[in-house]
Q: 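Okay, handing you the structure first.
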Amino acid sequence: MPELPEVETVARGLQAFLPGRRILNVRLGKTDFIDDPAAIERELPGCRILAVRRFGKFLLLDFERKPGHGGQFSLQVHLGMTGQLVTCPPEVRIAPHTHLFFALDDGRELRYTDIRRFGRIRLLSNDARESFLEEFGLDPLEATEENFHVSIRSRRARIKALLLDQHVLRGIGNIYTDESLWRARIHPMRLGEKLKGEELHRLFRTVQHVLREAIRLRGSSVSDYVDANGEQGEFQLRHRVYMREGKKCFRCAAVIRRVIVAGRSSYFCPRCQTAPRQVRKKTKVNSK
DNA sequence: CTTACGGCCTGGGTGC
DNA sequence: TGCACCCAGGCCGTAA
């Protein structure tokens with residue numbers, strides 16, 4: 001599941017191959033996840049890639065228009081759940097569900113593979129790109145602690161929902177939310193505005209620590225994630241709660257539980273991460 | 001303004 | 001061995 005660390009790893013991998021390259025031609029398979037496939041076939045051939053960036057969970061490939069056409073634009077790629085953006089020599093076997101092929105001027109190929117087609121791809125003019133990106137929240141690795149505190153306290157919602165909300169913080173998904181909350185010993189159903197200063201301080205530190213460690217280990221390969229060279233990450237070996245329902249907490253040996261919060265499976269330790277009062281009451285009544 | 005929920009999509013796992 | 005069913009979850013549109 002590509003979240004910030006996975007998308008960052010892919011971006012760094014692509015940075016080794018793509019800047020300076022020109023697209024020679026484009027080949028498309030299924031296109032129901034592409035905003036305007038005809039525009040991609042029409043606009044991209046002949047264009048040079050200037051840079052590859054990550055923005056939240058998005059990859060942005062910045063392009064220079066064809067000679068004589070002037071200006072710049074970007075290709076925006078969201079990997080969804082199972083998206084893979086890989087460069088390889090063209091003779092490499094084509095993985096099933098590969099729907100986009102860009103031939104590059106150094107003989108290599110850039111391919112997009114997406115089993116479930118939850119990803120999204122579109123072209124963005126510079127103006128459209130800037131107004132689109134403005135809607136998103138802070139990058140958790142660039143935020144100051146003060147900014148982070150203000151963002152979390154700004155809205156009345158469960159901390160799990162706030163961490164997942166791309167308009168509060170950009171780039172965090174289900175895995176890194178649960179891993180950060182476990183390390184900070186905060187229950188996913190706590191309300192953001194009710195977190196104590198000390199808890200917010202711990203959460204800021206653990207979010208950054210978890211994301212940095214995950215980037216260092218090149219992301220979490222839980223199902224389909226691979227980097228720009230087709231290789232798996234290793235942070236899944238460091239997961240402490242994600243997908244560990246029924247197993248023992250690494251800290252206190254209590255049994256890890258799973259609840260649905262904000263519509264997502266949420267894994268937590270019932271002993272390390274104390275439930276908020278309103279939830280404890282409700283549980284008591286229900287279980288009676 | 002807020003939160004909640006269904007639908008999108010495929011493969012892997014489970015149970016009968 | 002086959003088949004129905006459920007689940008993984010980011011995001012968007014719609015509803016409350």
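Just so you know, these numbers use all the heavy atoms, side chains as well, and skip hydrogens, waters and symmetry mates. Chain naming here is simple, since letters A, B, ... match the order of the sequence lines and numbering starts at 1 in each.
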Q: For A/Glu193 and B/dT3, what is the distance between atoms CD and P respectively, to the nearest whole Å?
A: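 That distance rounds to 10 Å.
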
Q: Using a strict cut-off of less than 4.0 Å between a Lys/Arg side-chain nitrogen and an Asp/Glu carboxylate oxygen, indicate whether A/Arg122 and A/Asp36 qualify as a salt bridge.
A: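 Salt bridge flag = no for A/Asp36 with A/Arg122.
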
Q: Answer with yes or no after comparing the ring centroid distance for A/Phe235 and A/Tyr242 against a 6.0 Å cut-off, counting only values under it.
A: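 Not under 6.0 Å, so no.
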
Q: Return the value, rounded to whole Å, for the distance between atom CD1 of A/Ile260 and atom C1' of C/dG10.
A: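 After rounding, the reported distance stands at 15 Å.
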
Q: May I have the distance from A/Arg158 (atom CZ) to B/dT3 (atom P), rounded to whole angstrom?
A: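 Value for this atom pair: 10 Å.
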
Q: How many Å lie between CG on A/Leu163 and C1' on C/dG10, as a whole number?
A: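 Going from CG in A/Leu163 over to C1' in C/dG10 covers 15 Å.
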
Q: Checking contacts here: which listed nucleotide (C/dA8, C/dG10, B/dT2) is nearest the side-chain heavy atoms of A/Tyr267?
A: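 Comparing C/dA8, C/dG10, B/dT2 against the side chain of A/Tyr267, the answer is C/dA8.
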
Q: Looking at A/Arg156 and A/Glu193, is any side-chain nitrogen of the basic one under 4.0 Å from a carboxylate oxygen of the acidic one?
A: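 Salt bridge between A/Glu193 and A/Arg156, a charged N being under 4.0 Å from a carboxylate O: yes.
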
Q: Can you find a side-chain donor-acceptor pair between A/Arg108 and A/Thr87 that sits under 3.5 Å?
A: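 On atom types as modelled, these side chains qualify, holding a pair under 3.5 Å.
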
Q: Classify every nucleotide of nucleotides 8-14 of chain B by which part a protein heavy atom approaches to under 4.0 Å, writing B for the base, S for the sugar-phosphate alone and - for neither, in 5'-to-3' order.
A: BBBS---

Q: Which label fits A/Phe136 and A/His167: parallel for a plane angle under 30°, tilted from 30 to 60°, or perpendicular past 60°?
A: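 Plane angle under 30°, so parallel.
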
Q: Does a nitrogen or oxygen in the side chain of A/Ser265 sit under 4.0 Å from OP1 or OP2 of C/dC7?
A: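 A/Ser265 to C/dC7 OP1/OP2: no side-chain N or O under 4.0 Å.
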
Q: What integer distance in Å separates A/Met189:CE from B/dA4:C1'?
A: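 Distance check: A/Met189 CE to B/dA4 C1' gives 13 Å.
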
Q: If you compare every side-chain N and O of A/Arg156 against the phosphate oxygens of B/dT2 (OP1, OP2), does one of them come in below 4.0 Å?
A: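 It does not, given that no N or O in the side chain of A/Arg156 lies less than 4.0 Å from OP1 or OP2 of B/dT2.
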
Q: Tell me, which pairs form a salt bridge (Lys or Arg N to Asp or Glu O under 4.0 Å) where one or both residues lie in residues 78-96 of chain A, sequence neighbours left out?
A: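 Passing the test, one end in residues 78-96 of chain A: no pairs.
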
Q: Could you state the OH-P distance from A/Tyr225 to C/dG10, rounded to the nearest angstrom?
A: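 Going from OH in A/Tyr225 over to P in C/dG10 covers 15 Å.
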
Q: Look at all strands and tell whether A/Tyr242 reaches a base, only sugar-phosphate, or nothing, counting heavy atoms closer than 4.0 Å.
A: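 It contacts sugar-phosphate atoms only.
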
Q: Mind checking A/Ala161 for me? I need base, sugar-phosphate or nothing, with any heavy atom below 4.0 Å counting as a touch.
A: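 Nothing, no heavy atom under 4.0 Å.
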
Q: Check A/Glu198 with A/Lys196, please: is the shortest side-chain N to carboxylate O separation under 4.0 Å?
A: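 Salt bridge absent between A/Lys196 and A/Glu198.
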
Q: Establish, with yes or no, whether the OP1 or OP2 oxygen of C/dC11 is under 4.0 angstrom from a side-chain nitrogen or oxygen of A/Arg170.
A: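 For C/dC11, neither OP1 nor OP2 has a side-chain N or O of A/Arg170 closer than 4.0 Å.
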
Q: For A/Ala157 and for A/Arg264, find the nucleotide of DNA chain B with the closest heavy atom, then tell me which residue's nucleotide is more 5'.
A: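 The residue closer to the strand's 5' end, by nearest nucleotide, is A/Ala157.
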
Q: Distance check needed: C/dG10 P versus A/Phe33 CZ, whole Å only.
A: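 Atom-to-atom, A/Phe33 to C/dG10, this comes out as 19 Å.
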
Q: In whole Å, I'd like the distance from the CE atom of A/Met81 to the P atom of C/dC11.
A: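 Whole-Å distance recorded here is 10 Å.
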
